[in-house]
Amino acid sequence: MTSIDENSKEKLRSVSVDLNHDASLLIDIPDALCERDKVKFTVHTKTTLSSFQKPDFSVPRQHEDFIWLHDTLVETEDYAGLIIPPAPPKPDFDSPREKMHKLGEGEATMTKEEYTKMKQELEAEYLAVFKKTVQVHEIFLQRLSSHPVLSKDRNFQIFLEYDQDLSVRRKNAKEMFGGFFKNMVKSADEVLISGVKEVDDFFEQEKTFLLDYSSKIKDSTAKAEKMTRAHKNIADDYIHISATLNSLAADDMTANKKNLEKLSDLFEKFRKVEGRVASDQDLKLTELLRYYMRDIQAAKDLLYRRARALADYENSNKALDKARLKSKDIPQAEEHQRQCLQKFDKLSESGKKELTSFKGRRVVAFRKNFIEMAELEIKHAKNSVTLLQGCIELLKSN
Amino acid sequence: MADTARDAPPEQTDFHELEDGEELFPEPATTQESQPASLAAEDISTNSNGPKQDSLFDDDPEDLFAEATEEVSLDSPERDVLLSDGPSPAITPITPPTSVITPRIGHTHDDMFTHSSFDEIEEEEGGDSFDIHISVSDPEKVGDGMNAYMAYKVTTKTSMSLFKRSEFAVKRRFSDFLGLHSKLASKYLHIGYIVPPAPEKSIVGMTKVKVGKEDQSSNEFVEKRRSALERYLMRTVKHPILLKDPDVLQFLESSELPRAVSTQALSSAGLLRMVNKAADAVNKMTIKMNESDAWFEEKQQHFENLDVQLRKLHTSVESLVCHRKELSVNTAQFAKSAAMLGNSEDHTALSRALSQLAEVEEKIDQLHQDQANADFYLFSELLGDYVRLLTAVKGVFDHRMKTWQKWQDSQMLLQKKREAEAKLQFTNKPDKLQQAKDEIKELEGKVQQGERDFEQISKTIRKEVSRFEKERVKDFKTIIIKYLESLVQTQQQLIKYWEAFLPEAKAIS
């Protein structure tokens with residue numbers, strides 16, 4: 001039930017710009033299986049690089065394996081100056097599951113046909129959530145594979161290649177606590193970032209921008225999600241309306257019967273269009289915003305690391321001064337200071353590059369998605385007009 | 001048979017049920033001229049039992065069923081008049097000439113002519129002579145505090161000669177509408193006419209208005225009520241019989257209308273209504289009617305099913321309205337959020353595009369709001385109206401059952417009396433015997449009347465149901481088409497907005 005064909009994947013791959021240019025390392029998730037709460041992804045790699053043992057291979061991976069990969073990358077010092085692609089969120093089937101539960105409870109109040117349709121809708125919704133989670137995991141890997149530095153990461157290679165179950169048992173209580181602590185520290189970092197005196201205009205601007213943008217995009221994501229959900233509710237209402245009209249038609253013995261049937265048919269088709277409007281809006285707008293909300297967070301993390309490095313550098317300066325005063329341990333202090341400066345400069349240099357390309361990526365992605373969304377809205381609205389006018393004609397002619 | 005309603009004091013009408021299908025004092029079919037010719041001279045209107053009569057109608061003690069009965073004689077000059085002109089001549093005081101009122105001996109006689117008379121009336125009404133348009137507008141608050149009320153302007157535009165003028169307006173308040181319905185219900189429901197129900201009271205809604213809360217929800221409430229009142233009046237006048245009722249005409253035309261006090265929910269009349277409604281419900285359950293006519297059983301079942309389905313549909317549409325309003329609110333919120341995001345965005349072109357997106361979404365939110373109104377006022381209210389109308393239809397069937405019961409009761413009583421009389425034959429009590437014979441004679445009359453009433457109401461119901469079904473189909477079709485057109489408009493606007501946005505999106509670089 002859960003394999004996805006190439007065609008639908010093409011349509012899905014929209015949130016981020018096409019990342020799989022580099023043919024030397026091509027990654028995709030052609031298949032995934034949903035077992036209760038667990039999703040098993042099949043990660044497929046095609047490569048011409050000699051660093052890999054085989055040119056074409058697949059491995060099964062769980063969500064936790066992706067998280068492990070992300071966290072190890074974050075913790076790697078060498079990558080401190082890079083924007084680490086945000087970790088894919090945990091697959092969340094709560095919403096369709098809850099709805100399925102409610103539907104089961106309300107089964108007695110609806111006709112068999114209605115129930116079947118609602119069930120189909122929910123299954124489609126379930127499938128949509130599933131597709132989204134596959135997409136978001138895939139994009140994570142593709143971001144890595146298209147990054148000049150990250151694609152060469154040893155852990156990344158292990159992730160792609162190691163055909164045994166990754167001992168993610170490492171990610172037990174200890175690691176979990178580590179993660180929790182990290183998150184706590186993160187919010188303190190916002191204060192840190194805003195507190196640090198910035199020497200570089202570029203970073204000053206970026207800091208202001210990212211802090212503000214981050215909260216705004218979070219808000220927009222939430223609001224877009226509410227909008228999409230209301231749209232979906234309307235499509236569901238049309239299912240009930242269509243079904244009841246059908247019942248009315250069945251009971252009707254007059255010439256009105258045809259009219260009722262036509263109307264029921266119209267609403268059935270119309271609700272499908274409305275459903276598509278809702279899901280397209282979800283993919284092009286809500287998912288876009290959601291993705292970049294996480295990406296912005298990753299960019300902020302970069303700024304944080306740089307700010308930390310700056311703080312370290314400043315501290316090392318103070319230590320050096322102190323050492324000079326005391327005339328003790330001067331060479332160590334000098335070395336330490338030199339290292340701090342080096343680290344800071346490296347971070348600044350790579351950070352600038354990363355942030356600039358990030359902006360470019362973001363602009364391109366927004367453009368692509370806005371265009372696609374507008375085009376789809378127009379297409380669906382035109383469809384709706386045709387459907388509606390067709391029905392009006394039929395009704396008038398009777 | 002006694003014309004009991006004639007001298008009914010005005011207050012009695014006030015005690016009549018407002019609710020459809022219910023009836024406090026089952027009036028015998030007083031308006032039928034199915035009486036011996038001796039009553040021919042006494043053409044007293046049975047329906048002018050409103051408290052005050054407009055002077056115009058004082059000397060028009062018209063019997064609304066005169067038209068039903070006037071066509072009895074096919075050669076009657078009145079008939080030609082009726083056919084050639086509009087309905088008004090039927091109303092002008094015509095003391096039916098004795099030639100017209102022939103004793104109703106055979107029922108077939110009745111059937112043929114009442115049947116045909118209805119046909120003719122319907123032809124006229126259904127044709128181009130039915131031209132009346134009523135609008136309810138300009139709600140304005142009168143008074144202050146808990147005694148305040150909304151006054152509505154009722155404007156009638158018509159070319160029918162039934163009315164004095166072609167365009168006129170009066171001021172009415174909600175209880176006036178309820179009063180009108182109450183009068184019509186008391187006159188027509190028990191003889192089988194489907195009287196459109198008046199809009200529902202709403203204590204909560206009105207209190208808000210009285211208290212002076214000038215917010216959106218009380219404005220919506222007033223608009224909802226205004227629209228409902230308009231539909232109510234239009235439905236009422238579409239009924240060929242009701243249109244000519246003097247109470248209806250008075251309601252539309254006369255500048256002053258006595259207040260219908262007993263329509264208040266918490267009045268003693270209101271409480272009495274509730275008690276009687278409960279009693280009636282119990283009675284309904286105990287009447288076991290031998291249905292000799294499958295048509296009625298079929299129709300009743302049909303209306304039961306229709307009721308269930310319409311209620312279900314109504315619920316779904318109400319849910320649709322709710323969700324669409326939600327969508328509108330959510331879209332507006334998103335628009336604001338997108339605008340803020342656009343302000344925050346430091347890439348100029350993207351920033352502009354985001355602002356444009358915010359503008360589009362704001363326009364779309366208004367679109368959704370308008371659509372939600374169409375969902376409600378066209379689709380949802382249509383269904384609500386018909387759910388209420390079906391209650392009136394079901395009530396009419398119930399009245400038929402009651403009429404039958406009455407007939408049966410008289411028949412049983414007659415039987416008993418006959419048995420008693422037979423017994424008395426063998427005793428030597430001449431005056432008791434005579435009394436018994438007199439009672440029997442009276443009861444025989446009653447039984448005959450009962451049977452005639454039953455046949456009449458059955459006939460009326462058949463006609464009414466056929467008219468109702470036709471109206472219903474027409475009504476639905478008209479309004480559904482309007483509703484679909486509103487959906488088309490929304491979609492076309494969406495196309496416009498998104499097509500305007502597309503170049504902005506493409507301009508991002």
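Proteins come first, then strands; the chains are lettered A, B, ... in the order of their sequence lines, and each starts at number 1. Small disclaimer: the values here were computed from a predicted structure and weren't measured. The analysis underlying the following values was restricted to heavy atoms, covering all of them including side chains, and did not include hydrogens, waters or symmetry mates.
- Ranked by heavy-atom pairs under 4.5 Å with chain A, the first of B:E326, B:K312, B:E361 is B:K312.
- Shortest non-hydrogen contact noted between A:E261 and A:A249 is CG-CB, 3.6 Å.
- For A:L289, the part lying under 4.5 angstrom from a heavy atom of chain B is the side chain only.
- Ranked by heavy-atom pairs shorter than 4.5 Å toward chain A, the options B:I495, B:V473, B:D346, B:L502 are led by B:D346.
- A donor-acceptor contact under 3.5 angstrom links the side chains of B:D370 and B:Q366, judged on distance only.
- In this structure, B:H368 and A:H231 have perpendicular ring planes: the angle between them is above 60°, well past the 30° mark.
- Between the side chains of B:R231 and B:S227, at least one donor N or O sits under 3.5 Å from an acceptor N or O.
- Side-chain N/O atoms of A:D280 and A:H380 include a donor and acceptor closer than 3.5 Å.
- Under the 3.5 Å distance criterion, the side-chain polar atoms of B:S351 are matched with a main-chain donor or acceptor of B:G342.
- For residues 378-387 of chain B, a heavy-atom distance under 4.5 Å to chain A picks out B:F379, given by residue number.
- Per-residue heavy-atom pair counts under 4.5 Å with chain A were compared for B:T331, B:L494, B:T478, and the maximum is reached by B:T331.
- Although no hydrogens or angles enter the test, the distance criterion places no donor-acceptor pair under 3.5 Å between the side chain of B:K363 and the main chain of B:Y497.
- Inspection of the A:S214 and A:K300 side chains reveals an N or O donor paired with an N or O acceptor under 3.5 Å.
- Using a 3.5 Å distance cut-off with no hydrogens or angles, the side chains of B:N219 and B:E223 do not pair a donor with an acceptor.
- Between the side chain of A:S357 and the backbone N or O of A:E354 there is at least one donor-acceptor pair closer than 3.5 Å.
- Within the 4.5 angstrom heavy-atom criterion, atoms from both the backbone and the side chain of B:K506 approach chain A.
- When all heavy atoms of B:I508 and A:F370 are compared, the closest pair comes out as CD1-CD1, 4.2 Å.
- Among residues 480-492 of chain B, the residues having any heavy atom closer than 4.5 Å to a heavy atom of chain A are, in sequence order, B:I480, B:I481, B:Y483, B:L484, B:E485, B:L487, B:V488, B:Q491, B:Q492.
- With a 4.5 angstrom heavy-atom cutoff, A:T109 touches chain B only via backbone atoms.
- Contact of A:K379 with chain B is not made at all, since no heavy-atom distance falls under 4.5 Å.
- Side chain to side chain, B:S319 and A:D237 meet the donor-acceptor criterion of an N or O pair below 3.5 Å.
- Here the CG atom belonging to B:D365 is positioned 10.0 Å from the CG atom belonging to B:N330, to the nearest 0.5 angstrom.
- Using a 4.5 Å cut-off between heavy atoms, A:L260 does not touch chain B at all.
- Remark: B:R324 CZ to B:N373 CG distance equals 11.0 Å, nearest 0.5 Å.
- Proximity to chain B is absent for every atom of A:M253, based on heavy atoms less than 4.5 angstrom apart.
- Looking at A:E114, the atoms closer than 4.5 Å to chain B (heavy atoms on both sides) all sit in the side chain, from C-beta outward.
- If you measure heavy-atom distances from A:N259 to chain B, the contacts under 4.5 Å come from the side chain alone.
- Neither the backbone nor the side chain of A:I239 comes within less than 4.5 Å of any heavy atom in chain B.
- With hydrogens and angles disregarded, a donor-acceptor distance shorter than 3.5 Å links the side chain of A:T356 to the backbone of A:K352.
- Residue A:Q205 does not touch chain B at all, counting heavy-atom pairs closer than 4.5 Å.
- Expressed to the nearest 0.5 Å, how far CG of A:D236 lies from CD of A:E274 amounts to 11.0 Å.
- Of the two parts of A:N383, neither the backbone nor the side chain holds a non-hydrogen atom closer than 4.5 Å to a non-hydrogen atom of chain B.
- Contact annotation for A:K359: only side-chain heavy atoms (C-beta onward) come within less than 4.5 Å of a heavy atom of chain B.
- Ranked by heavy-atom pairs shorter than 4.5 Å toward chain A, the options B:Q493, B:E345, B:E469, B:M340 are led by B:E345.
- In this structure, chain B has no heavy atom under 4.5 Å from any part of A:E393.
- For the 3.5 Å distance criterion, the side chains of B:S458 and B:R400 qualify, holding a donor opposite an acceptor.
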